[in-house]
Amino acid sequence: MPELPEVEVVRAGLAPAVTGARIAAVDVLDARALTRHDAASGDFEALTTGVTIAAAVRRGKFMWLPIGANRAIVGHLGMSGQMLLRSPEHPGDDRHARVRIHLEHPEHGELRIDFVDQRTFGSLAVDGMVPTPDGAAAGFSGDVTGEWAASIPTQVAHIARDPLDPAFDDELFLERMSRRASGVKRVLLDQGVVSGVGNIYADESLWAVRLHGEQPASTISKRRARELLRAVRDVLGKALDEGGTSFDAQYVNVNGASGYFAHSLNAYGREGLPCPRCGTPMVREAFMNRSSHRCPRCQRLQRRREPGRAATGR
DNA sequence: AAGAAAACCTGGGTGC
DNA sequence: TGCACCCAGGTTTTCT
């Protein structure tokens with residue numbers, strides 16, 4: 001279940017191998033991996049073969065490799081996608097290998113990236129790029145930069161910046177929170193408000209600040225919303241430091257090693273286990289076709305409206 | 001127009 | 001052993 005930290009681990013692992021590399025050949029083994037690719041713009045293999053990759057960039061859970069003037073290969077791991085960096089000789093007999101990208105790197109020689117994806121929610125696509133509205137870098141690309149930096153693939157343009165992005169607008173986030181009547185967890189999962197947060201880290205962040213996921217976002221005071229944002233950053237940053245979360249080896253980083261943050265989860269997947277804060281057994285509740293985990297004691301629905309906030313919000 | 005629900009997809013696990 | 005069913009969940013699309 002790759003969320004921001006897991007995707008960043010993949011991006012960082014890929015970066016040295018792809019930066020400056022030329023795509024020698026591309027094998028599309030399963031066209032379902034290209035569902036986000038607009039065939040009208042041309043054939044995926046034809047558009048990518050022969051180009052040179054400038055960098056590996058990420059915003060939230062989206063990743064892209066700038067190629068040429070205003071183009072990029074956009075990738076999303078979905079739920080089970082992996083980008084496996086391999087030598088050209090690797091058998092590559094994975095059951096779920098979808099796309100193979102053969103690279104020629106000026107220093108590292110021949111390499112291969114296998115896009116492997118069991119559940120096929122992930123995808124690759126060639127997409128055009130447009131300038132970012134604020135002119136700031138579109139995403140995180142390590143210490144690599146270039147003229148492509150302030151451009152964003154069109155299919156990622158509607159995605160909000162992620163909370164670890166230096167150009168993330170805290171006030172805009174708080175403003176949007178205050179206007180949404182939906183439960184705060186829904187808002188956290190809305191990639192148009194803040195990107196990179198998925199089901200696991202949403203539960204972790206809410207636990208950290210003792211908020212019930214169904215608490216209407218508009219009823220949360222600005223102060224608490226700030227605390228929540230801080231918690232989100234903390235949870236994502238910590239996971240990043242520890243290399244990402246992995247439970248069933250769905251997520252494997254570019255070197256094939258599983259993430260290992262699962263042991264430090266406080267809420268997610270802990271149904272029936274004691275809350276690390278108060279000892280009350282944690283509960284699991286149905287939510288948007290998935291599950292929410294919370295402490296029934298620490299994270300209660302606050303019925304009273306916060307003082308100083310008008311009934312219409314704002 | 002916000003917000004909810006459906007659809008996409010496969011493998012592992014469970015109950016009978 | 002086999003089979004039906006449920007579950008995991010990010011994003012887009014569709015419907016209200």
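Everything numeric here is computed off the predicted structure, so don't read it as measured data.
Thr35(A) comes within 4.0 angstrom of no nucleic acid atom, judged by non-hydrogen atoms across all strands.
If you measure from atom CZ of Phe287(A) to atom C1' of dC7(C), you get 17 Å, rounded to the nearest angstrom. Atom CZ of Arg119(A) and atom C1' of dC9(B) are 9 Å apart (whole Å). Between the CZ atom of Arg32(A) and the P atom of dA7(B) there is a distance of 18 Å, given to the nearest Å. Nucleotide dC9(B) holds its C1' atom 13 Å from the CZ atom of Phe115(A), rounded to whole Å. Atom CG in Asp117(A) sits roughly 9 Å away from atom C1' in dC9(B) (whole-Å rounding). Between the CG atom of Asp94(A) and the P atom of dT10(B) there is a distance of 16 Å, rounded to whole Å. As a whole-Å value, the separation of Asn199(A) CG from dA8(C) C1' is 10 Å. Atom CD of Gln118(A) is separated from atom C1' of dG11(B) by 5 Å (rounded to the nearest Å).
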**Request:** Using a 4.0 Å heavy-atom cut-off, write out nucleotides 11-16 of chain C from 5' to 3' as B (base contacted by protein), S (sugar-phosphate only) or - (no contact).
**Result:** BS----
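Classified by interplanar angle (parallel below 30°, tilted 30° to 60°, perpendicular above 60°), the ring pair Phe168(A)/Phe173(A) is tilted.
Between Glu175(A) and Lys222(A) no salt bridge is recorded (no basic side-chain N to carboxylate O distance below 4.0 Å). The existence of a salt bridge linking Arg294(A) and Glu285(A) is confirmed by a sub-4.0 Å separation between a basic side-chain nitrogen and an acidic carboxylate oxygen. Taking 4.0 Å as the cut-off between side-chain N and carboxylate O, Arg11(A) and Glu8(A) count as a salt-bridged pair. We find that Arg119(A) and Asp117(A) are not joined by a salt bridge, their nearest charged nitrogen and carboxylate oxygen being 4.0 Å or further apart.
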Please write out each protein N/O paired with an N/O of nucleotides 3-6 of chain B under 3.5 Å, distance rounded to 0.1 Å.
residue, atom, partner, partner atom, Å
dG3(B), OP1, Ala181(A), N, 3.4
dG3(B), OP2, Arg180(A), NE, 2.7
dG3(B), O5', Ser182(A), OG, 3.4
dA4(B), OP2, Arg186(A), NE, 3.0

Please report, to 0.1 Å, the donor-acceptor pairs under 3.5 Å made by any side chain of residues 12-27 of chain A, with sequence neighbours excluded.
residue, atom, partner, partner atom, Å
Thr19(A), OG1, Ala15(A), O, 2.7
Arg22(A), NH1, Glu104(A), OE1, 3.2
Asp27(A), OD2, His102(A), NE2, 2.8

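Checking dG10(C), dG11(B), dC9(B) against the side-chain heavy atoms of His96(A) singles out dG11(B) as nearest.
More than 12 heavy-atom neighbours from other residues, nucleotides or ligands sit within 6.0 angstrom of CZ on Arg176(A).
Seen from the ring of Trp207(A), Arg277(A) counts as a face-on cation partner, given the 6.0 Å and 45° thresholds.
Dashed line: the shortest gap from a side-chain N or O of Ser291(A) to OP1 or OP2 of dA8(C) is under 4.0 Å.
Checking Lys185(A), His293(A), Glu204(A) one by one against Asn199(A), the side chain to side chain donor-acceptor pair (under 3.5 Å) holds for a single residue, Lys185(A).
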